[in-house]
Amino acid sequence: MIRFEVPGDPVPQPRPRVSTRGGFARAYVPAKHPVHAYRAHVREAARAAGLTERTSPLTVTIEAVFARPASHLLKSGQPRPAAPSLPRPDVDNIAKAVLDALGELFDDTLVCRLTVGKAYGARACTHVCIE
């Protein structure tokens with residue numbers, strides 16, 4: 001079992017943009033999008049935790065913890081009654097960014113079970129467990 005944490009707000013995989021060049025459509029994510037840096041941090045944390053190339057079926061658990069925006073809080077520090085209880089990004093887009101980042105270490109077709117959660121917390125981070 002490998003567990004690691006990536007500090008900072010999780011970044012979901014964005015929808016690709018499409019352009020044409022030479023009459024052919026090309027899908028891409030803009031180079032300045034923060035998902036590129038996030039994926040690099042995920043790879044670094046996975047390698048630091050000892051994750052190496054895998055060829056057997058895997059179970060992956062991802063818990064995305066987001067920092068609650070100041071606009072959601074009252075002066076007392078408690079969440080406003082109208083504040084959303086869950087962060088906005090879709091869990092499937094969070095999982096896509098993490099699994100794509102780990103694509104150098106294993107093919108995501110090896111994932112036989114995937115559990116993804118999201119929540120607000122005191123400290124923004126992404127927890128990943130690979131079994």
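What you are looking at is a predicted structure, and each value in this text was computed from that prediction instead of being measured.
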Indicate every side-chain donor-acceptor pair of residues 124-131 with a distance under 3.5 Å to a residue at least two apart or in another chain.
| residue | atom | partner | partner atom | Å |
| --- | --- | --- | --- | --- |
| T126 | OG1 | Y38 | OH | 2.8 |

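- Residues in residues 117-130 take part in these salt bridge (Lys or Arg N to Asp or Glu O under 4.0 Å) pairs, two or more places apart or across chains: E5-R123.
- From F4, atom CZ reaches atom CZ of R47 across 11.0 Å, with rounding to the nearest 0.5 Å.
- Residues in residues 90-116 take part in no ring pair (Phe, Tyr, Trp, His ring centres under 6.0 Å) pair, two or more places apart or across chains.
- Every residue two or more places apart in sequence or in another chain that forms a ring-ring contact (aromatic ring centres under 6.0 Å, His included) with H72 is listed here: Y120.
- The salt bridge (charged side-chain N to carboxylate O under 4.0 Å, His left out) search around R113 returns none, not counting sequence neighbours.
- Evaluation of the salt bridge (charged side-chain N to carboxylate O under 4.0 Å, His left out) rule for E44 yields no partner, not counting sequence neighbours.
- In this structure, CG in L110 is found 11.5 Å from CG in L105, a value given to the nearest 0.5 Å.
- For T109, the side-chain hydrogen bond (donor to acceptor under 3.5 Å, both in side chains) partners are D107, not counting sequence neighbours.
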Distance-only criterion, 3.5 Å: show the donor-acceptor pairs between side-chain atoms of residues 11-33 and protein atoms not counting sequence neighbours.
| residue | atom | partner | partner atom | Å |
| --- | --- | --- | --- | --- |
| Q13 | OE1 | R39 | NH1 | 3.1 |
| H33 | ND1 | V35 | N | 3.1 |

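- The salt bridge (charged side-chain N to carboxylate O under 4.0 Å, His left out) test applied to D100 returns K96, not counting sequence neighbours.
- Applying the ring pair (Phe, Tyr, Trp, His ring centres under 6.0 Å) test to pairs two or more places apart or on separate chains, none has a residue in residues 75-95.
- Listed by chain and residue number, E104 satisfy the salt bridge (charged side-chain N to carboxylate O under 4.0 Å, His left out) test with R43 (two or more places apart in sequence, or in another chain).
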- Determine, stepwise, if the pair L102 / D108 fulfils side chain to side chain contact (heavy atoms under 4.5 Å, CB included). CA-CA 8 Å; L102 298 174; D108 57 5; over 6 Å; no
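- The distance from atom OG1 of T61 to atom CZ of R3, rounded to the nearest 0.5 Å, is 8.0 Å.
- T59 and C112 get closest at one heavy-atom pair: OG1-SG, 4.2 Å.
- Among residues two or more places apart in sequence or in another chain, the side-chain contact (heavy atoms from CB on, under 4.5 Å) test is passed with L114 by V60, I62, A95, L99, V111, V116.
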- Task: Let me see the working for F66 and L86 under side chain to side chain contact (heavy atoms under 4.5 Å, CB included), right down to the final yes or no.
- Result: CA-CA 9 Å; F66 292 83; L86 289 174; over 6 Å; no
